[in-house]
Amino acid sequence: MTGPTAPGVSGLSRGDDPWHVGDVALTSRFLLGTAGYPSPQVLRQAMLASGSQIVTVGLKRQLAAGGDNGFVQMIQATLKDSGARLLPNTAGCTTAREAVQLAQMARELYGTPWVKLEVVGDEYTLQPDPVELVEAARQLSRDGFTVFPYCTDDLVTCKRLLDAGCPLLMPWGAPIGSGQGLVNPFALRLLRERLPDVALIIDAGIGAPSHAAQAMELGFDAVLLNSAVSQSPDPVRMAGAFGQAIEAGRAAYLAGVMAKQDFAVATTPVAGNPFLIGNP
(Lines give C-alpha, C1' and ligand atoms only; values in the text may rest on other atoms or scores of the structure.)
Protein backbone atom coordinates (compact mmCIF):
# COMPACT_ATOMS: atom_id res chain seq x y z
CA MET A 1 0.00 0.00 0.00
CA THR A 2 1.32 3.41 -0.89
CA GLY A 3 1.48 5.78 2.05
CA PRO A 4 0.64 9.49 1.92
CA THR A 5 4.27 10.54 1.60
CA ALA A 6 5.74 7.41 0.01
CA PRO A 7 6.71 7.31 -3.67
CA GLY A 8 3.69 6.41 -5.77
CA VAL A 9 3.39 5.04 -9.28
CA SER A 10 4.50 8.39 -10.66
CA GLY A 11 7.83 8.17 -8.85
CA LEU A 12 6.87 11.29 -6.89
CA SER A 13 5.58 11.74 -3.37
CA ARG A 14 1.84 12.28 -3.01
CA GLY A 15 2.76 15.31 -0.95
CA ASP A 16 4.23 16.88 -4.10
CA ASP A 17 0.82 16.85 -5.79
CA PRO A 18 -1.86 17.93 -3.29
CA TRP A 19 -5.38 19.09 -4.00
CA HIS A 20 -7.52 21.31 -1.80
CA VAL A 21 -10.95 21.63 -0.26
CA GLY A 22 -10.94 25.21 0.96
CA ASP A 23 -7.87 25.56 3.16
CA VAL A 24 -7.51 21.80 3.65
CA ALA A 25 -4.73 20.18 1.62
CA LEU A 26 -5.23 16.54 0.70
CA THR A 27 -2.80 14.05 -0.81
CA SER A 28 -5.08 11.06 -1.43
CA ARG A 29 -7.45 11.41 -4.40
CA PHE A 30 -9.59 8.42 -3.40
CA LEU A 31 -12.81 9.12 -1.46
CA LEU A 32 -14.41 5.97 -0.08
CA GLY A 33 -18.00 5.16 0.83
CA THR A 34 -18.83 2.91 3.78
CA ALA A 35 -22.15 1.22 2.93
CA GLY A 36 -22.73 -2.45 2.25
CA TYR A 37 -19.60 -4.03 3.68
CA PRO A 38 -19.90 -7.58 5.04
CA SER A 39 -18.56 -6.63 8.47
CA PRO A 40 -17.10 -3.67 10.39
CA GLN A 41 -13.72 -5.41 10.37
CA VAL A 42 -13.66 -5.71 6.58
CA LEU A 43 -14.69 -2.07 6.31
CA ARG A 44 -11.80 -1.02 8.53
CA GLN A 45 -9.29 -3.01 6.49
CA ALA A 46 -10.66 -1.59 3.24
CA MET A 47 -10.45 1.96 4.57
CA LEU A 48 -6.83 1.46 5.51
CA ALA A 49 -5.98 -0.30 2.23
CA SER A 50 -7.51 2.53 0.20
CA GLY A 51 -5.33 5.21 1.74
CA SER A 52 -8.38 7.50 1.60
CA GLN A 53 -8.36 10.75 3.54
CA ILE A 54 -12.11 11.34 3.12
CA VAL A 55 -14.68 8.71 4.07
CA THR A 56 -18.40 9.26 3.59
CA VAL A 57 -21.28 7.87 5.69
CA GLY A 58 -25.03 8.15 5.16
CA LEU A 59 -26.79 9.40 8.27
CA LYS A 60 -30.33 8.70 7.07
CA ARG A 61 -29.55 5.10 6.22
CA GLN A 62 -27.90 4.59 9.60
CA LEU A 63 -30.95 5.98 11.41
CA ALA A 64 -33.31 3.87 9.28
CA ALA A 65 -31.36 0.75 10.16
CA GLY A 66 -32.20 1.26 13.82
CA GLY A 67 -28.57 1.12 14.86
CA ASP A 68 -25.16 0.88 13.26
CA ASN A 69 -24.24 -2.68 14.33
CA GLY A 70 -20.75 -1.43 15.09
CA PHE A 71 -20.11 0.13 11.69
CA VAL A 72 -20.15 3.78 12.76
CA GLN A 73 -17.98 3.07 15.78
CA MET A 74 -15.52 1.24 13.56
CA ILE A 75 -15.53 4.11 11.06
CA GLN A 76 -14.83 6.67 13.76
CA ALA A 77 -12.07 4.56 15.31
CA THR A 78 -10.42 4.00 11.92
CA LEU A 79 -10.65 7.69 11.07
CA LYS A 80 -8.88 8.48 14.32
CA ASP A 81 -6.13 5.96 13.57
CA SER A 82 -5.63 7.05 9.96
CA GLY A 83 -6.18 10.79 10.32
CA ALA A 84 -8.83 10.73 7.59
CA ARG A 85 -11.89 13.00 7.61
CA LEU A 86 -15.56 12.10 7.81
CA LEU A 87 -17.91 13.35 5.08
CA PRO A 88 -21.55 12.82 6.15
CA ASN A 89 -23.99 12.55 3.26
CA THR A 90 -27.69 13.21 2.77
CA ALA A 91 -28.38 10.07 0.73
CA GLY A 92 -32.07 9.26 0.56
CA CYS A 93 -33.31 12.86 0.61
CA THR A 94 -35.70 14.04 -2.08
CA THR A 95 -36.27 17.71 -1.15
CA ALA A 96 -34.04 20.62 -0.26
CA ARG A 97 -35.76 20.99 3.10
CA GLU A 98 -35.15 17.36 4.03
CA ALA A 99 -31.50 17.53 2.97
CA VAL A 100 -30.84 20.74 4.90
CA GLN A 101 -32.36 19.29 8.07
CA LEU A 102 -30.32 16.11 7.76
CA ALA A 103 -27.12 18.07 7.13
CA GLN A 104 -27.74 20.09 10.28
CA MET A 105 -28.23 16.88 12.25
CA ALA A 106 -25.00 15.48 10.84
CA ARG A 107 -23.07 18.58 11.86
CA GLU A 108 -24.43 18.23 15.41
CA LEU A 109 -23.57 14.51 15.59
CA TYR A 110 -20.18 14.49 13.90
CA GLY A 111 -18.90 18.00 14.51
CA THR A 112 -17.98 18.74 10.89
CA PRO A 113 -19.25 21.43 8.49
CA TRP A 114 -18.50 19.17 5.53
CA VAL A 115 -21.50 17.52 3.88
CA LYS A 116 -21.98 15.50 0.74
CA LEU A 117 -25.25 16.86 -0.57
CA GLU A 118 -27.59 14.41 -2.30
CA VAL A 119 -31.13 15.37 -3.35
CA VAL A 120 -32.55 12.67 -5.62
CA GLY A 121 -35.30 13.44 -8.12
CA ASP A 122 -35.86 10.02 -9.71
CA GLU A 123 -36.06 6.74 -7.82
CA TYR A 124 -35.14 4.60 -10.84
CA THR A 125 -31.91 6.35 -11.85
CA LEU A 126 -31.25 8.12 -8.52
CA GLN A 127 -30.56 11.18 -10.65
CA PRO A 128 -30.20 14.41 -8.66
CA ASP A 129 -33.01 16.96 -8.76
CA PRO A 130 -31.23 20.08 -10.08
CA VAL A 131 -33.74 22.59 -8.68
CA GLU A 132 -33.87 21.14 -5.15
CA LEU A 133 -30.13 20.48 -5.18
CA VAL A 134 -29.22 24.08 -5.98
CA GLU A 135 -31.66 25.41 -3.37
CA ALA A 136 -30.26 23.11 -0.68
CA ALA A 137 -26.70 24.06 -1.63
CA ARG A 138 -27.56 27.75 -1.35
CA GLN A 139 -29.09 27.35 2.11
CA LEU A 140 -26.28 25.17 3.46
CA SER A 141 -23.55 27.44 2.08
CA ARG A 142 -25.18 30.42 3.82
CA ASP A 143 -25.22 28.36 7.01
CA GLY A 144 -21.47 27.78 6.93
CA PHE A 145 -21.33 24.29 5.42
CA THR A 146 -18.70 23.14 2.97
CA VAL A 147 -20.98 21.52 0.40
CA PHE A 148 -19.88 18.58 -1.77
CA PRO A 149 -22.80 18.41 -4.24
CA TYR A 150 -23.58 15.14 -6.01
CA CYS A 151 -24.79 16.28 -9.42
CA THR A 152 -25.06 15.24 -13.05
CA ASP A 153 -22.56 16.26 -15.72
CA ASP A 154 -24.78 19.15 -16.90
CA LEU A 155 -22.59 22.24 -17.24
CA VAL A 156 -25.36 24.77 -16.51
CA THR A 157 -26.42 23.02 -13.29
CA CYS A 158 -22.79 22.82 -12.24
CA LYS A 159 -22.36 26.57 -12.75
CA ARG A 160 -25.48 27.25 -10.66
CA LEU A 161 -24.08 25.11 -7.85
CA LEU A 162 -20.85 27.11 -7.89
CA ASP A 163 -22.88 30.33 -7.79
CA ALA A 164 -24.76 28.91 -4.80
CA GLY A 165 -21.50 28.66 -2.86
CA CYS A 166 -20.19 25.14 -3.50
CA PRO A 167 -16.37 25.06 -3.50
CA LEU A 168 -16.25 21.92 -5.66
CA LEU A 169 -18.45 19.64 -7.76
CA MET A 170 -19.14 15.90 -7.76
CA PRO A 171 -20.62 14.95 -11.16
CA TRP A 172 -21.67 11.37 -11.73
CA GLY A 173 -19.93 9.01 -14.10
CA ALA A 174 -23.09 6.89 -14.33
CA PRO A 175 -26.10 6.17 -12.09
CA ILE A 176 -25.24 5.22 -8.50
CA GLY A 177 -24.29 1.59 -8.06
CA SER A 178 -24.56 0.79 -11.77
CA GLY A 179 -20.86 0.04 -12.30
CA GLN A 180 -21.07 1.34 -15.88
CA GLY A 181 -18.07 3.65 -15.65
CA LEU A 182 -17.94 6.95 -17.52
CA VAL A 183 -20.96 6.82 -19.85
CA ASN A 184 -20.56 10.37 -21.19
CA PRO A 185 -16.84 11.21 -21.45
CA PHE A 186 -17.64 14.14 -23.76
CA ALA A 187 -19.67 15.94 -21.07
CA LEU A 188 -17.02 15.22 -18.45
CA ARG A 189 -14.23 16.55 -20.68
CA LEU A 190 -16.33 19.66 -21.29
CA LEU A 191 -16.73 20.22 -17.55
CA ARG A 192 -12.99 19.93 -17.05
CA GLU A 193 -12.26 22.33 -19.89
CA ARG A 194 -14.86 24.94 -18.90
CA LEU A 195 -14.15 24.80 -15.16
CA PRO A 196 -10.35 24.52 -15.07
CA ASP A 197 -9.93 26.00 -11.58
CA VAL A 198 -12.71 24.03 -9.84
CA ALA A 199 -12.05 20.80 -7.95
CA LEU A 200 -14.03 18.07 -9.76
CA ILE A 201 -14.66 14.66 -8.22
CA ILE A 202 -16.27 11.80 -10.13
CA ASP A 203 -18.99 10.37 -7.90
CA ALA A 204 -21.12 7.32 -8.72
CA GLY A 205 -21.14 4.70 -11.45
CA ILE A 206 -17.53 3.56 -11.12
CA GLY A 207 -17.31 -0.21 -11.35
CA ALA A 208 -13.67 -1.11 -12.04
CA PRO A 209 -10.25 0.39 -11.33
CA SER A 210 -9.88 1.11 -15.05
CA HIS A 211 -12.92 3.44 -14.83
CA ALA A 212 -11.26 5.38 -12.02
CA ALA A 213 -8.00 5.62 -13.96
CA GLN A 214 -9.91 6.96 -16.97
CA ALA A 215 -11.50 9.68 -14.82
CA MET A 216 -8.11 10.74 -13.53
CA GLU A 217 -6.63 10.73 -17.04
CA LEU A 218 -9.33 13.24 -18.03
CA GLY A 219 -7.95 15.60 -15.40
CA PHE A 220 -10.45 15.09 -12.60
CA ASP A 221 -9.12 15.79 -9.15
CA ALA A 222 -10.44 12.74 -7.32
CA VAL A 223 -12.87 9.81 -7.42
CA LEU A 224 -15.52 8.78 -4.90
CA LEU A 225 -16.91 5.26 -4.98
CA ASN A 226 -18.47 2.69 -2.70
CA SER A 227 -20.21 -0.30 -4.32
CA ALA A 228 -17.25 -1.31 -6.49
CA VAL A 229 -15.30 -1.99 -3.30
CA SER A 230 -17.97 -3.07 -0.82
CA GLN A 231 -19.63 -5.51 -3.27
CA SER A 232 -16.36 -7.11 -4.38
CA PRO A 233 -15.71 -10.64 -3.11
CA ASP A 234 -12.46 -9.22 -1.69
CA PRO A 235 -13.16 -5.59 -0.68
CA VAL A 236 -9.75 -5.06 0.90
CA ARG A 237 -7.79 -6.09 -2.17
CA MET A 238 -10.18 -4.12 -4.40
CA ALA A 239 -9.70 -0.99 -2.28
CA GLY A 240 -5.96 -1.30 -2.80
CA ALA A 241 -6.44 -1.84 -6.53
CA PHE A 242 -8.52 1.33 -6.82
CA GLY A 243 -5.93 3.28 -4.89
CA GLN A 244 -3.23 2.21 -7.33
CA ALA A 245 -5.42 2.90 -10.38
CA ILE A 246 -6.25 6.41 -9.20
CA GLU A 247 -2.58 7.15 -8.66
CA ALA A 248 -1.73 5.73 -12.09
CA GLY A 249 -4.43 7.80 -13.79
CA ARG A 250 -3.23 10.96 -12.08
CA ALA A 251 0.38 10.25 -13.06
CA ALA A 252 -0.70 9.69 -16.68
CA TYR A 253 -2.58 13.00 -16.72
CA LEU A 254 0.45 14.87 -15.36
CA ALA A 255 2.74 13.14 -17.85
CA GLY A 256 0.43 13.85 -20.78
CA VAL A 257 -1.57 11.21 -22.64
CA MET A 258 -0.79 10.97 -26.35
CA ALA A 259 -3.35 12.30 -28.82
CA LYS A 260 -5.56 9.80 -30.62
CA GLN A 261 -5.13 9.42 -34.38
CA ASP A 262 -7.50 8.18 -37.08
CA PHE A 263 -4.63 6.48 -38.92
CA ALA A 264 -1.51 4.47 -38.23
CA VAL A 265 1.68 6.33 -37.29
CA ALA A 266 4.91 4.36 -37.64
CA THR A 267 6.89 4.33 -34.41
CA THR A 268 10.07 2.87 -35.93
CA PRO A 269 11.52 4.83 -38.88
CA VAL A 270 12.95 2.56 -41.58
CA ALA A 271 13.14 4.68 -44.77
CA GLY A 272 16.71 5.54 -45.71
CA ASN A 273 18.17 3.41 -42.94
CA PRO A 274 19.79 0.11 -44.05
CA PHE A 275 19.38 -2.81 -41.67
CA LEU A 276 20.00 -6.57 -41.69
CA ILE A 277 17.66 -9.38 -40.74
CA GLY A 278 19.19 -12.70 -39.69
CA ASN A 279 22.82 -13.73 -40.30
CA PRO A 280 24.89 -11.81 -42.85
Side-chain angles (χ1 to χ4, degrees), residues 1-21 25-32 50-53 151-155 158-159 168-175 178-225 228-229 232 237-277:
M1 181 177 66
T2 305
T5 58
V9 295
S10 66
L12 300 175
S13 165
R14 284 191 192 173
D16 294 334
D17 181 35
W19 64 291
H20 296 81
V21 177
L26 300 159
T27 54
S28 171
R29 295 172 181 271
F30 185 4
L31 287 69
L32 184 66
S50 72
S52 176
Q53 292 178 299
C151 55
T152 64
D153 50 23
D154 178 70
L155 177 61
C158 286
K159 286 184 174 181
L168 54 82
L169 298 168
M170 302 180 73
W172 68 358
S178 68
Q180 296 180 37
L182 309 185
V183 297
N184 193 349
F186 169 79
L188 296 175
R189 282 195 299 268
L190 182 63
L191 281 182
R192 182 70 288 172
E193 292 171 2
R194 295 294 302 276
L195 305 172
D197 300 321
V198 177
L200 299 178
I201 303 168
I202 290 292
D203 178 15
I206 298 295
S210 57
H211 300 158
Q214 181 186 10
M216 299 306 294
E217 289 170 6
L218 290 176
F220 280 74
D221 296 278
V223 172
L224 190 155
L225 59 93
V229 171
S232 168
R237 177 172 290 183
M238 186 60 77
F242 268 104
Q244 294 172 18
I246 289 167
E247 282 195 38
R250 177 62 180 176
Y253 173 72
L254 293 176
V257 178
M258 69 173 290
K260 293 182 179 180
Q261 304 287 347
D262 292 330
F263 46 83
V265 179
T267 57
T268 304
V270 295
N273 294 285
F275 59 93
L276 298 175
I277 299 178

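Note on residues 202-217: pairs passing salt bridge (charged side-chain N to carboxylate O under 4.0 Å, His left out), not counting sequence neighbours, are Lys116-Asp203.
Applying the side-chain hydrogen bond (donor to acceptor under 3.5 Å, both in side chains) criterion to Asp154, with sequence neighbours excluded, gives Thr157. Residues forming a salt bridge (charged side-chain N to carboxylate O under 4.0 Å, His left out) with Arg194 (at least two apart in sequence, or on another chain): none. With sequence neighbours excluded, the residues that form a side-chain contact (heavy atoms from CB on, under 4.5 Å) with Ala222 are Trp19, Arg29, Leu31, Ile201. With sequence neighbours left out, the side-chain contact (heavy atoms from CB on, under 4.5 Å) criterion links Ala239 to Ala46, Ala49, Ser50, Val229.
Note that CZ of Phe220 and CD of Gln214 are 10.0 Å apart. Values are rounded to the nearest 0.5 Å. Residue Leu188 holds its CG atom at 4.5 Å from CD1 of Ile202, rounded to the nearest 0.5 Å. Distance check, rounded to the nearest 0.5 Å: CZ of Phe242 to CD1 of Ile206 gives 7.0 Å. Atom SG of Cys158 and atom CG of Leu168 lie 11.0 Å apart (nearest 0.5 Å). Distance check, rounded to the nearest 0.5 Å: CG of Asp221 to CZ of Arg192 gives 5.0 Å.
Between Pro209 and Ala245, the closest heavy-atom pair is O-CB, 3.4 Å. Nearest heavy-atom pair, Met238 versus Ala228, reported as atom, atom and distance to 0.1 Å: CG-O, 3.4 Å. Nearest approach of Thr27 to Gln53, heavy atoms of both residues: N-OE1, 2.7 Å. Nearest heavy atoms, Ser178 versus Gly205: OG-CA, 3.9 Å. Residues Gly179 and His211 share a closest heavy-atom pair of O-CE1, 3.5 Å. Closest approach of Met216 to Ile246, counting heavy atoms only: CG-O, 3.7 Å.
Although no hydrogens or angles enter the test, the distance criterion places a donor-acceptor pair under 3.5 Å between the side chain of Ser52 and the main chain of Phe30.
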Kindly list each side-chain donor-acceptor pair under 3.5 angstrom involving residues 248-259, sequence neighbours excluded, with atom names and distances?
{"unit_1": "Arg250", "atom_1": "NE", "unit_2": "Asp17", "atom_2": "OD2", "d": "2.8"}
{"unit_1": "Arg250", "atom_1": "NH2", "unit_2": "Asp17", "atom_2": "OD1", "d": "3.0"}

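Partner Leu169 forms a side chain to side chain contact (heavy atoms under 4.5 Å, CB included) with one of Leu195, Asp153, Leu191 and no other, that one being Leu195.
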